[in-house]
Amino acid sequence: MGFDFGIVKEYIPFFLKGTVLTIGLSFAGIFLGTIIGLFIGLGKMQSNKWLALPFVWYINFFRGTPLFVQILLIHFGVVPYFIGETNAIAAAIIALSLNAAAYIAEIFRAGIQSIDKGQMEASRSLGMTHVQAMKHVILPQALKRMIPPLGNEFIVLIKESSIAAIIAAPELMYWSRAMQGQYYKVWEPYISAAVIYLILTLTLSFVLNRIERRLTTG
């Protein structure tokens, strides 16, 4: 059971291409998921339960069903319906964004609700609107508390992007499976992919820890 470094070397250009796309998919999912998640989280916090209900069920659906199922539905159902054909990269970005948004929405909700209600009341008494109070008082404080769980979600998203291989998005795991199919090897493609994912997640963890320390001490 030897490890053939020769085929790993042969696939390095493909692994690099796949890694670039993996990073792109992950950051697109993080960016869009954060925007959508904030909107969903604020929607769920509405006092009117009927207005909040669609946001509650959005979270229930995307947290309660597998990402594998979601990406297949979007790739073979949603994307072709709107653009007339399948598009693996678009489907992957949409699925990752919508899935991440459900988890990020709960992080935003918990972070905002952890701030003392008196701060909102004090801000309103100073003449701020609800939106201004959220923007200038509540969210800046809540963000510091949300950095660790948001960081965990971002790391999870990088690993979950590997599921895009199932719809033939040419990211890192796609090329690992291509190597496995070509050479009928197991260790070389999947250990190589595991090492690259580990480097990506450790790098992101380091960056997020630095940001968290700066926000805590700043």
Side-chain angles (χ1 to χ4, degrees), residues 1-34 36-37 61-104 150-209:
M1 190 185 67
F3 190 94
D4 190 344
F5 286 97
I7 63 173
V8 175
K9 184 178 179 181
E10 177 188 336
Y11 262 79
I12 284 176
F14 301 108
F15 283 145
L16 289 175
K17 259 197 316 188
T19 301
V20 170
L21 183 57
T22 290
I23 293 171
L25 292 176
S26 301
F27 276 90
I30 288 167
F31 177 73
L32 296 173
T34 300
I36 299 168
F61 176 81
F62 282 98
R63 293 182 66 180
T65 58
L67 177 58
F68 182 82
V69 174
Q70 295 165 19
I71 200 168
L72 291 177
L73 285 171
I74 291 169
H75 181 60
F76 293 110
V78 176
V79 171
Y81 179 81
F82 284 102
I83 68 175
E85 60 183 7
T86 59
N87 185 304
I89 293 176
I93 290 173
I94 293 169
L96 291 171
S97 301
L98 296 179
N99 182 273
Y103 292 90
I104 293 173
L150 280 174
N152 290 335
E153 178 58 29
F154 296 166
I155 290 168
V156 166
L157 196 63
I158 286 178
K159 294 183 290 184
E160 286 187 337
S161 68
S162 63
I163 206 168
I166 202 66
I167 56 171
E171 45 73 68
L172 178 58
M173 188 53 65
Y174 171 89
W175 291 112
S176 299
R177 295 177 71 202
M179 180 200 281
Q180 191 270 333
Q182 180 177 351
Y183 291 104
Y184 297 98
K185 299 278 191 177
V186 175
W187 296 104
E188 290 84 349
Y190 297 129
I191 287 179
S192 299
V195 169
I196 296 171
Y197 280 116
L198 183 62
I199 292 170
L200 292 177
T201 55
L202 289 178
T203 302
L204 183 57
S205 295
F206 174 77
V207 171
L208 290 169
N209 286 336

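- Looking only at side-chain heavy atoms (C-beta outward), Val79 and Thr86 stay at 4.5 Å or farther from each other.
- The CG atom of Asn87 sits 8.5 Å away from atom CD1 of Ile167, with the distance rounded to the nearest 0.5 Å.
- A 6.0 Å sphere centred on CZ of Phe61 holds more than 12 heavy atoms belonging to other residues, nucleotides or ligands.
- Within the model, atoms CD1 of Ile191 and NZ of Lys185 stand 12.0 Å from one another, a figure rounded to the nearest 0.5 Å.
- Asn99 and Phe62 make their closest contact through ND2-O, 3.3 Å (heavy atoms, listed as atom of the first residue, atom of the second, distance).
- A distance of 12.5 Å separates CZ in Phe14 from OG in Ser176, rounded to the nearest 0.5 Å.
- Inter-residue side-chain proximity for Val78 and Ile94 is flagged as unmet; no heavy-atom pair is nearer than 4.5 Å.
- Nearest heavy atom pair, residue Thr22 against residue Ile158, reads CG2-O, 4.4 Å.
- In this structure, Ala95 and Ile74 approach most closely via the heavy-atom pair CA-CD1, 3.5 Å.
- Checked by atom type, the side-chain pair Glu188/Tyr11 shows no donor-acceptor distance below 3.5 Å.
- Among all heavy-atom pairs drawn from Met173 and Ser162, the shortest one is CB-O, 3.8 Å.
- Closest approach of Ala92 to Leu25, counting heavy atoms only: CB-CD2, 4.0 Å.
- Rounded to the nearest 0.5 angstrom, Ile23 CD1 and Glu171 CD are separated by 12.0 Å.
- Side-chain atoms of Thr34 and Ile30, non-hydrogen and from C-beta on, do get closer than 4.5 Å to each other.
- Put simply, the side chain of Arg177 does not reach to within 4.5 Å of the side chain of Pro189, judged on heavy atoms.
- Considering CD of Gln70 and OG1 of Thr65, their distance stands at 3.5 Å, rounded to 0.5 Å.
- Counting heavy atoms from C-beta outward, Leu157 and Tyr103 have side chains that stay 4.5 Å or more apart.
- Atom CZ of Phe27 has 12 or fewer heavy atoms from other residues, nucleotides or ligands within 6.0 Å.
- At distances below 3.5 Å, not a single donor-acceptor pair connects side-chain atoms of Gln180 with backbone N or O atoms of Tyr190.
- Inter-residue side-chain proximity for Trp175 and Leu16 is flagged as unmet; no heavy-atom pair is nearer than 4.5 Å.
- One finds the CD atom of Glu160 at 10.0 Å from the OG atom of Ser26 (value rounded to the nearest 0.5 Å).
- Closest approach of Ile155 to Ser205, counting heavy atoms only: CD1-OG, 3.0 Å.
- The shortest distance between side-chain heavy atoms of Ile36 and Leu98 falls below 4.5 Å.
- When the options Leu67, Leu96, Leu200, Val156 are evaluated for a side chain to side chain contact (heavy atoms under 4.5 Å, CB included) with Ser161, the one that passes is Leu96.
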Practice problem: Give the intermediate values and the outcome of side chain to side chain contact (heavy atoms under 4.5 Å, CB included) for residues Leu21 and Ile89. | Solution: CA-CA 9 Å; Leu21 183 57; Ile89 293 176; 4.3 Å; yes
